[in-house]
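Residues take their numbers from the sequence shown, with the count starting at 1.
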Amino acid sequence: MTTPRHRLAAIGLAAAALLAAPAALACPSYNNPTVFGSANIQANFMPDPWVRNVTAGGTVSLQGCPGFNWPGYVVSRPDFRFQYSGGSPTGQLTIAIEARSNVDTILLVNAPDGTWHFNDDYRGTNSAITFFNPLPGQYDIWTGSYHLSSNNPAQLIVTELSY
């Protein structure tokens, strides 16, 4: 039997779910279109490093997103996406992705296998993630900032050189 108290509890749960939904919709999603485009990158690409001008930061707190327990702010759309093809015959190939800016950057990458990778302060306040024997497929990249800020000029750097 449903009592007024049970109905009130159900309404409260439904309202809480509705209030949380907009925050979850704003969280990083690789299903979103990119902000700064995409590229196809093949193993042994030239020139190396590959550089793209982007903007670091955003207003979406990663700590406010379900499943993300990292500091920093991004936008919900990937800043950049690349399709990686090829591979190393020796299994020794690496790809490093770096975010360089005058602000304290964070880097968030969704790899082809669906795993999320995060880095803050790889070299000074710049962030980088290295993939050893990288998987072929889609890499979605967010160049964020440690502190709430946006419109920070930055460079996204992709390299296979020693990192």
Inset, instruction - Decide yes or no for Gln63 and Phe68: does some side-chain heavy atom of the first lie under 4.5 Å from some side-chain heavy atom of the second? - result: no
Inset, instruction - Taking the side chain as every heavy atom from C-beta outward, state whether Ser127 and Phe118 have any pair of such atoms under 4.5 Å apart. - result: no
Legend entry - Within-4.5 Å side-chain heavy-atom neighbours: Tyr73 and Leu62: no
Inset, instruction - Establish whether Leu135 and Leu107 are linked, either directly or via other cluster members, by ILVMFWY side-chain heavy-atom contacts under 4.5 Å. - result: yes
Legend entry - Side-chain touch Asn102/Thr125, heavy atoms, less than 4.5 angstrom: no
Inset, instruction - Of all the heavy-atom pairs spanning Ile106 and Pro71, show the shortest one and how long it is. - result: CG2-O, 4.0 Å
Inset, instruction - Return the minimal non-hydrogen interatomic distance between Gly144 and Ala56, and the atom names on each side. - result: O-CB, 3.8 Å
Legend entry - side chain to side chain contact (heavy atoms under 4.5 Å, CB included) partners of Asn126, counting only residues at least two apart: Glu98, Arg100, Thr105
Legend entry - Heavy-atom side-chain proximity of Thr94 to Phe131 below 4.5 angstrom: no
Legend entry - Distance-only polar pair, side chains of Asp79 and Thr143, donor-acceptor under 3.5 Å: yes
Inset, instruction - Please check if the side chain of Arg81 supplies one atom and the backbone of Tyr30 the other of a donor-acceptor pair under 3.5 Å. - result: yes
What donor-acceptor contacts under 3.5 angstrom involve side-chain atoms of residues 108-116, with partners at least two apart or in another chain?
unit_1, atom_1, unit_2, atom_2, d
Asn110, ND2, Gly114, O, 3.3
Asp113, OD1, Thr115, N, 3.1
Asp113, OD1, Thr115, OG1, 2.7
Thr115, OG1, His117, NE2, 2.9

Inset, instruction - Decide if atom CG of Asn151 counts as having more than 12 heavy atoms of other residues, nucleotides or ligands within a radius under 6.0 Å. - result: no
Inset, instruction - Heavy atoms only: give me the nearest Ile95-Tyr84 pair and the separation to one decimal. - result: CD1-CE1, 3.0 Å
Legend entry - Step-by-step side chain to side chain donor-acceptor pair (under 3.5 Å) determination, Thr159 to Asp48: CA-CA 6 Å; Thr159 183; Asp48 189 344; 2.5 Å; yes
Legend entry - Check: Thr34/Ser38 side-chain N/O donor and acceptor closer than 3.5 Å: no
Legend entry - Which atom of Ser145 lies closest to which atom of Val103, heavy atoms considered: CB-CG2, 4.4 Å
Legend entry - pair Glu160-Leu93: side-chain heavy atoms closer than 4.5 Å: yes
Legend entry - Shortest non-hydrogen contact from Phe82 toward Ile141: CE2-CD1, 3.6 Å
Inset, instruction - Please determine which of Thr59, Val60, Val35, Asn32 meets the side-chain contact (heavy atoms from CB on, under 4.5 Å) test together with Val75. - result: Val35
Inset, instruction - For the residue pair Gln42 and Asn44, confirm or rule out a side-chain donor-acceptor distance under 3.5 Å. - result: no
Legend entry - Exercise: identify the closest heavy-atom pair between Ser76 and Cys27: CB-O, 3.6 Å
Legend entry - Distance, nearest 0.5 Å, that separates CG of Leu156 from CH2 of Trp50: 6.5 Å
Inset, instruction - Using the side-chain contact (heavy atoms from CB on, under 4.5 Å) rule, take Tyr146 and Asp121 through it: C-alpha gap first, then chi angles, then the decisive distance, then the call. - result: CA-CA 9 Å; Tyr146 187 82; Asp121 298 343; 5.9 Å; no
Inset, instruction - Using only heavy-atom distances, determine whether the side chains of Ser101 and Asn152 contain a donor-acceptor pair under 3.5 Å. - result: no
Legend entry - Cys65 side chain reached by Pro28 side chain, heavy atoms, under 4.5 Å: yes
